[in-house]
Amino acid sequence: VPDVTPEGVVTEAEPVSSASEGVIWGTVITMSGELAEDVDVQLVICSGNRMPPSGEKFAQSSGYDGMFRFDTVPLGASQASCGIVARKGNTIAIHENVIRHALRHWHVNLILMPGRAVAGEVVNGEGAKITGAWLVPVSRDGDEVNRGLSAALVERSGDDGRFRWQTLLPQNWNVNVYADGYAPLL
């Protein structure tokens, strides 16, 4: 069983000089080392400095063998942030990396860890609820997260100003808030 960490363990990366698409694939494993099937896996490739971050999103479920595979992923030769989030019930696995060169095949093992729900509401200085605010995780336990992972974890406040992450790793998260008509809350 691989070391249990909140991040996946990159076990293989094959660089190429000029690929425009690649494959990111891997396995989702429980903390006890069992293969995890029917896990929601989301991949986000994010480039640029736009805030809140956004990127190209891919989603699927792991198979009975715990495997997931994203084909024809635009990896290119430029630098981009990559975030992968796997969730099942109250467990979560996250992985972040910066793609500094083109990759043809990239394999990642993700280990599901117990998570926690986080909820609240976004209000202005007078206490009025703010609809449609973007909540962007930017660091956890003091370490900055990359833009791909931020984009994979971003949430929005609803019509009542409330937001909810179903599952996050139980760490100290710093979140930036962006809303139309307001200065960013950093």
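All values derive from a computational prediction rather than experimental measurement.
Closest heavy-atom contact between Ala59 and Phe70: N-CE2, 3.8 Å.
Taking CG of Asn97 as the reference point, atom CH2 of Trp106 lies at 4.5 Å (rounded to 0.5 Å). If you take CG on Leu112 and CD1 on Ile29, they are separated by 9.0 Å, rounding to the nearest 0.5 Å.
Formation of a donor-acceptor pair under 3.5 Å by the Lys129 side chain with backbone atoms of Gly158 is not found in this model. Put simply, the side chain of Trp134 never gets that close to the backbone of Val154: no donor and acceptor are under 3.5 Å apart. Not one N or O on the side chain of Arg116 forms a donor-acceptor pair closer than 3.5 Å with the backbone of Leu168. Under the 3.5 Å distance criterion, the side-chain polar atoms of Ser62 are left unmatched by any main-chain donor or acceptor of Val41. A donor-acceptor pair under 3.5 Å links the side-chain atoms of Asn146 to the main chain of Cys82, judged by distance alone. Formation of a donor-acceptor pair under 3.5 Å by the Glu96 side chain with backbone atoms of Ser81 is not found in this model. Without hydrogens or angle criteria, Asn172 side chain to Arg140 main chain gives no donor-acceptor distance under 3.5 Å. The backbone N or O of Ala117 lies less than 3.5 Å from no partner atom in the side chain of Thr167, so there is not a single donor-acceptor pair.
With Ser150 as the partner, the side chain to side chain contact (heavy atoms under 4.5 Å, CB included) test is satisfied by one option alone out of Val175, Val136, Val44, Asn176: Val136.
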